[in-house]
Amino acid sequence: MKVLSVTSECAPLVKTGGLADVAGALPGALGPLVVDMRTLLPGYPAVLKAAKNAEAVTEYRDLMGGPATLRAAKVRDLDLLILDAPHLFDREGSIYLGPDGKDWPDNPERFAALSWVAAEIARDGAADWTPDVVHCHDWQAALAPYYLRNSDIPTILTIHNIAFHGLAPADRIGPLRLAPEDFDREGYEFWGQVSALKAGLVWATKLTTVSPTYAQELMREEFGMGLDGVMRARRADLSGILNGIDEQTWNPATDPLVTTYKAPRGKAKNKAELRRIMGLPESDGPLCVVISRLTEQKGLDMLIDALPALTERGGQLALLGSGSAYLEYAFHAAAGQPNVAVRIGYDEALSHKMIAGGDAILVPSRFEPCGLTQLYGLRYGTVPVVALTGGLADTVINASPAALAKGVATGIQFYPVTTDALSGALSRLCDLWELPEIWTRLQKNGMSQPVDWKLSAEAYASLYEVVKA
Ligand SMILES: Nc1ncnc2c1ncn2[C@@H]1O[C@H](COP(=O)(O)OP(=O)(O)O[C@H]2O[C@H](CO)[C@@H](O)[C@H](O)[C@H]2O)[C@@H](O)[C@H]1O
């Protein structure tokens, strides 16, 4: 089975969020299932630098406004096809945002070009390789199923986050190589604009998202971001396949970035080190960590108001994140308290030290397609405190009296997703922290819960067989 994975980011080469982790881990997870996956990725400067010996395999004279070259390279264990299009991708800084912090104005063209080339590879092959299935991720790759609409090549679109639609004004229909007759409610039109994501949702052979609960939520108005009707119409083709984590990178027993451990007591050194790095004093309460993009989705504005429920019981917070100016400012201000430490920025190495050194990890998201940091938390014996939504609902077993009695709980869930309920969850956390036997049980249960890719890779491999048949 040959599968072309089409993505705008891929760890460890280029990452802004969880999409990169998934795109980077899938090929390795699918290898043992005899799936030959190649990854089509934009030729950002960091990618071309990492793939210095990339070989040119196809030239395009005019790809959305300039010439481009498709290059093939192997970087670490990833088989890459890199779209080297300097007019679209040779830019320093963020891969999606210009220096003004706003989307690059030509983002629609940049990722339409990626999708167009995916369709070309699917039709004509590249480097003596032709995929059986095209697996697209998020809006950046969602035009590929549309460009392949008149072929019998099967496509899968995975929704990592339905909040991002890839909208463009209607006057871009021509430049984006779209057929004007499909600009309607049944097609890629969304309230008078072009929606790349909707095109994929309508034309892909199958749709997936990254947890079973989010698959159900997407069909509801509260979560569908205006596309719940499309999701309901495609209900029969939609499934939820839970993300796993890459255990080569995230394993407390082998992680080179932390003092390694196999049992919860091994966390003590990491906790002391984390306190030192973050400048936090000794304290009796639980040390909670957050590693997150700072956006509305992640619900961290509620955490600012709920913090007293933690700090008044001796608890501490260490937060690493970046994003909205308002939240960055609010957390800076919160860091004035002695038991709160905040790092604004993106720091992969620190994120490992935080997961290893924290007692608990907080993920109070308003919606969460899957969520990866709670999975890291489980693996590292860092008890997750999560909102009851999406993949957070599917991956954590709430410490209810019944689950505690049975000895199966792995964390704390709260609902509704409000400041009061989050405060309540932080109080429960402090209660459980004061019961060391139960606390250690939670940690051990989490550490032994499978969070790797095995089952999910099998689910993707079966889906590839279904669409290919
Ligand atoms: N400041 C920082 N420094 C270092 N590392 C940082 C960081 N901020 C975030 N990260 C890392 O980025 C990743 C974020 O992944 P998540 O799944 O939590 O959310 P995201 O919303 O980006 O992903 C979307 O796609 C993924 C993948 O499908 C879904 O799990 C998720 O629900 C969906 O919203 C994690 O690996 C995290 O450690």
Side-chain angles (χ1 to χ4, degrees), residues 5 7-12 14-26 29 94-96 135-141 157-164 197 208-215 217-218 223 225 240-247 249-250 255 257 277-278 289-300 318-324 327-328 331 342-356 358 361-380 382 384 386-387 389-396 451 453 456 460:
S5 169
T7 178
S8 56
E9 44 185 285
C10 182
V14 53
K15 167 167 165 176
T16 71
L19 165 61
D21 292 297
V22 174
L26 262 185
S94 157
I95 56 175
Y96 304 127
H135 184 169
C136 307
H137 298 275
D138 274 350
W139 76 265
Q140 293 91 338
L157 174 63
T158 295
I159 305 159
H160 295 266
N161 194 335
I162 206 163
F164 303 109
L197 181 63
T208 71
T209 187
V210 289
S211 69
T213 294
Y214 194 58
E217 289 173 345
L218 280 175
F223 291 99
M225 309 263 176
I241 302 177
L242 211 52
N243 287 334
I245 62 171
D246 182 351
E247 292 201 320
T249 311
W250 291 99
D255 190 334
L257 296 165
I277 295 172
M278 300 296 284
V289 297
V290 172
I291 300 147
S292 186
R293 295 185 293 112
L294 301 180
T295 63
E296 165 88 13
Q297 172 192 349
K298 302 294 180 181
L300 293 163
L319 175 139
L320 166 64
S322 61
S324 106
L327 283 171
E328 290 187 0
F331 276 105
V342 170
R343 283 287 169 86
I344 299 299
Y346 188 94
D347 188 334
E348 194 79 29
L350 179 58
S351 75
H352 283 247
K353 294 184 200 307
M354 290 177 72
I355 299 274
I361 178 153
L362 312 182
V363 194
S365 308
R366 292 194 165 83
F367 69 94
E368 195 60 77
C370 178
L372 294 172
T373 59
Q374 87 281 9
L375 300 180
Y376 304 151
L378 289 168
R379 191 76 188 82
Y380 281 65
T382 311
V386 303
T389 187
L392 303 173
D394 293 335
T395 53
V396 173
V451 288
W453 271 103
S456 302
Y460 279 116

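For ligands, and for the atoms within them, numbers begin at 1 and follow the listed sequence.
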S.K.: For atom 19 (O) of ligand 1, what's the nearest protein heavy atom and its distance?
M.R.: Lys298 NZ, 3.2 Å
S.K.: Just to check, does Tyr376 reach to within less than 4.0 Å of ligand 1 when the distance is taken from its heavy atoms?
M.R.: yes
S.K.: We want to know whether Tyr346 and Glu348 form a side-chain donor-acceptor pair, criterion being a heavy-atom distance below 3.5 angstrom.
M.R.: yes
S.K.: Looking only at protein heavy atoms, which one is nearest to atom 21 (O) of ligand 1, and what is the separation?
M.R.: Arg293 NH2, 2.6 Å
S.K.: Under 3.5 Å between some N or O of ligand 1 and some N or O of Asp21?
M.R.: yes
S.K.: Among all protein non-hydrogen atoms, which one is nearest to atom 29 (C) of ligand 1, and what is the separation to 0.1 Å?
M.R.: Gly371 N, 3.7 Å
S.K.: Atom CG of Leu372 and atom CZ of Arg379: how far apart are they, to the nearest 0.5 Å?
M.R.: 14.5 Å
S.K.: List every atom of ligand 1 that sits less than 4.0 Å from any heavy atom of Gly321, numbering the atoms from 1 in the order shown and giving each element.
M.R.: 1 (N)
S.K.: Should you measure from each heavy atom of Thr373, which atoms of ligand 1 turn up under 4.0 Å away?
M.R.: 37 (C), 38 (O)
S.K.: With sequence neighbours excluded, what pairs up with Glu328 under the salt bridge (Lys or Arg N to Asp or Glu O under 4.0 Å) test?
M.R.: none
S.K.: What I want to check is whether the side chains of Thr395 and Gln374 have a donor and an acceptor closer together than 3.5 Å.
M.R.: yes
S.K.: What residue and heavy atom of the protein are closest to atom 24 (C) of ligand 1, and at what distance?
M.R.: His160 O, 3.7 Å
S.K.: State, yes or no, whether a side-chain contact exists between Pro369 and Ile159 at a heavy-atom distance under 4.5 Å.
M.R.: no
S.K.: Using a plain distance cutoff, I'd like to know if Cys370 has any nitrogen or oxygen under 3.5 Å from a nitrogen or oxygen of ligand 1.
M.R.: yes
S.K.: Taking only heavy atoms of Val22, which atoms of ligand 1 are found under 4.0 Å from at least one of them?
M.R.: 27 (C), 28 (O)
S.K.: When rounded to the nearest 0.5 angstrom, what is the spacing between NE2 in His160 and OG1 in Thr208?
M.R.: 7.0 Å
S.K.: How far is atom 16 (P) of ligand 1 from the closest protein heavy atom, and which atom is that?
M.R.: Leu372 N, 3.9 Å
S.K.: Checking a contact table here: which protein heavy atom is nearest atom 12 (O) of ligand 1, and how many Å away?
M.R.: Lys15 CE, 3.5 Å
S.K.: Which residue holds the protein heavy atom closest to atom 1 (N) of ligand 1, what is that atom called, and what is the gap in Å?
M.R.: Gly345 O, 2.8 Å
S.K.: Would you say the ring centers of Trp139 and Phe164 fall short of 6.0 Å from each other?
M.R.: no
S.K.: Heavy atoms only: which of Ala11, Gly18, Ser365, Ser292 lies closest to atom 8 (N) of ligand 1?
M.R.: Ser292
S.K.: If you count the atoms of ligand 1 from 1 in the order shown, which ones are under 4.0 Å from a heavy atom of Ile291?
M.R.: 5 (N), 6 (C), 7 (C), 10 (N), 38 (O)
S.K.: Less than 4.5 Å apart, any side-chain heavy atom of Ser456 and any of Asn243?
M.R.: no
S.K.: My understanding is that only residues two or more places apart in sequence, or in another chain, count here; which of them pass side-chain contact (heavy atoms from CB on, under 4.5 Å) with Ser292?
M.R.: Val290, Lys298, Leu300
S.K.: Could you walk me through whether Ile95 and Thr16 satisfy the side-chain contact (heavy atoms from CB on, under 4.5 Å) test, starting with their C-alpha distance in whole Å, then the side-chain angles of each, then the deciding distance to 0.1 Å, before giving a yes or no?
M.R.: CA-CA 8 Å; Ile95 56 175; Thr16 71; 3.9 Å; yes
S.K.: With atom 4 (C) of ligand 1 as the reference point, say which of Asp347, Asn243, Ile361 has the nearest heavy atom.
M.R.: Asp347
S.K.: Which ligand 1 atoms does Asn161 reach within 4.0 Å, using its non-hydrogen atoms?
M.R.: 34 (O)
S.K.: Taking the six-membered ring for Trp and the full ring for Phe, Tyr or His, determine whether the centres of Tyr376 and His352 are under 6.0 Å apart.
M.R.: no
S.K.: Examine the side chains of Asp394 and Tyr214 and answer whether a donor and an acceptor come within less than 3.5 Å of each other.
M.R.: no
S.K.: Atoms of ligand 1 less than 4.0 Å from Glu368 heavy atoms?
M.R.: 31 (C), 32 (O), 33 (C), 34 (O)
S.K.: To which protein heavy atom is atom 6 (C) of ligand 1 closest, and what is the distance rounded to 0.1 Å?
M.R.: Tyr346 CE1, 3.4 Å
